[in-house]
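Below is one structure, written out as structure tokens; comments come after it.
No experiment lies behind these values; they were computed from the predicted model shown. If you read the sequence from its start, that first residue is 1, and numbering goes on from there.
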Amino acid sequence: MAVSADIALLPHASINRRSLPFTSSSFMSSSSSIHQLRSFKPIAICAGRKPNFRVFSSVSTQAPEKISATSFGDRTESGILHFVKYHGLGNDFILVDNRDSEEPKITPEQAVKLCDRNFGIGADGVIFALPGINGTDFTMRIFNSDGSEPEMCGNGVRCFARYIAELENLHGKKSFTVHTGAGLIVPELQDNGKVRVDMGEPILKASDVPTKLAPNKDQSAVKAKLEVDGSTWNATCVSMGNPHCVIFSSESCEDLQVDELNLSEIGPKFEHHLMFPARTNTEFVQVFSPSHLKMRVWERGAGATLACGTGACAVVVAAVLEGRAERICTVDLPGGPLDIEWREADNHVYMTGPAELVFHGSVSL
């Protein structure tokens, strides 16, 4: 699978090696066909200033002066997938214009290859913009980096909203309806470039999250005892259309210091715990004040990520249930902050945060 040279970097985007692994140096050092580079055509990258690298391609193309998602995605070439990459606080996604078909253009197995950060484009997941169903404007589906399909993704839906705005040439404060595996989601584009999303009502009934932990507060599991890796943790279970296990404390530690956790070691043990029949996302949370929280996340199907929007929503709901926080909070994630409100009037959770376009590209499948 080779990435073509149709890559346009946006002047305002902050690009790092995580976001753009395909430079001439990395390509040449890993390629088994170095001698064939003479036949590849170097294409300059449009980034607003002269870059200090080039991208080589096996696809004969010309670098356009300006690329839009609409013109880029409209092109059809056999075996070539056109995409746009976005990130929400570092939680990065490959966006595919799939509005002409109700089935994703690639398979979960192909998504795994595309998401590989060494041999693919690199991303936490692939998001498809499909036609709306049941009266909605659009449908959003996601394949995680391990090929699984989650019900929803909070950071992903903000990226989806910005992508739709570019495809549909939307400007100013606009909202539309999106069908997801978690139900109806309504993102609203803000004048400041951020996206505010009505994430709907949290699901608190333990059996619907789902979790096998016994309910201990009405029908909810709040600060329920959970044995993991030889320790007893206090788990509050919330679904935002996808399952979350939120941890503020354990029997040995009333207030977590989240930076001290070995997330890659303990995260999978929560994700695959027998108490979570559909697996689970897990958030470890530190409380700074009733309106300021900090979290690290192990995402189901993606592992440790820089941000998780549904996770931040679940964290605020869990914090309120445990009496640790107010209904309006700023949640710090490794990639940056999100503003979360669990509104008492309608019981809906609202998430506000950024979504940034990184680059346009093409890949040979």
Whether the Glu166 and Tyr86 side chains hold a donor-acceptor pair (N or O, under 3.5 Å, no angle test) is what I'd like checked. yes
Side chains of Thr310 and His244: is there a donor and an acceptor less than 3.5 Å apart? yes
With a distance cut-off below 6.0 Å to the six-membered ring centre and an angular limit of 45° from the axis, does Arg99 pair with Phe138 as a cation-pi contact? no
For atom CD of Glu227, is the number of surrounding heavy atoms from other residues, nucleotides or ligands below 6.0 Å larger than 12? yes
Would you mind reporting whether Phe93 and Cys153 have side-chain heavy atoms less than 4.5 Å apart? yes
Testing the 3.5 Å rule here: is there a donor-acceptor pair between the side chains of Glu299 and Thr305? yes
Is it the case that atom CD in Glu102 sees more than 12 heavy atoms from other parts of the structure closer than 6.0 Å? no
Between Ser101 and Pro131, which heavy-atom pair has the shortest distance, and what is it? O-CD, 3.1 Å
If I compare all heavy atoms of Ser289 with all of Leu293, which pair ends up nearest, and what's the gap? O-CD2, 4.0 Å
Assess the residue pair Asn262 and Ser264 against the criterion (side-chain hydrogen bond (donor to acceptor under 3.5 Å, both in side chains)); give the C-alpha distance rounded to whole Å, side-chain angles, the decisive distance to 0.1 Å, and a yes or no. CA-CA 6 Å; Asn262 187 339; Ser264 62; 3.2 Å; yes
Within 6.0 Å of NZ in Lys174, more than 12 heavy atoms from elsewhere: no
Partners of Pro108 by side chain to side chain contact (heavy atoms under 4.5 Å, CB included), sequence neighbours excluded? Phe143
Can you find a heavy atom in the side chain of Ile266 that is under 4.5 Å from one in the side chain of Trp298? no
Using only heavy-atom distances, determine whether the side chains of Asp229 and Ser231 contain a donor-acceptor pair under 3.5 Å. no
Show the nearest heavy-atom pair for residues Ser250 and Trp233, with the distance to one decimal. CB-CE3, 3.9 Å
Looking at every non-hydrogen atom in both residues, tell me the closest pair between Met152 and Asn242 and how far apart they are. O-ND2, 3.4 Å
Is there side-chain contact between Leu261 and Arg296, with heavy atoms separated by less than 4.5 Å? yes
For Lys294, run the side-chain hydrogen bond (donor to acceptor under 3.5 Å, both in side chains) check against Asp332, Asp259, Thr330 and tell me which one passes. Asp259
Using a 6.0 Å cut-off, check whether atom NZ of Lys269 has over 12 heavy atoms from anything other than its own residue. yes
Between the side chains of Asp124 and Ser145, is a donor N or O closer than 3.5 angstrom to an acceptor N or O? no
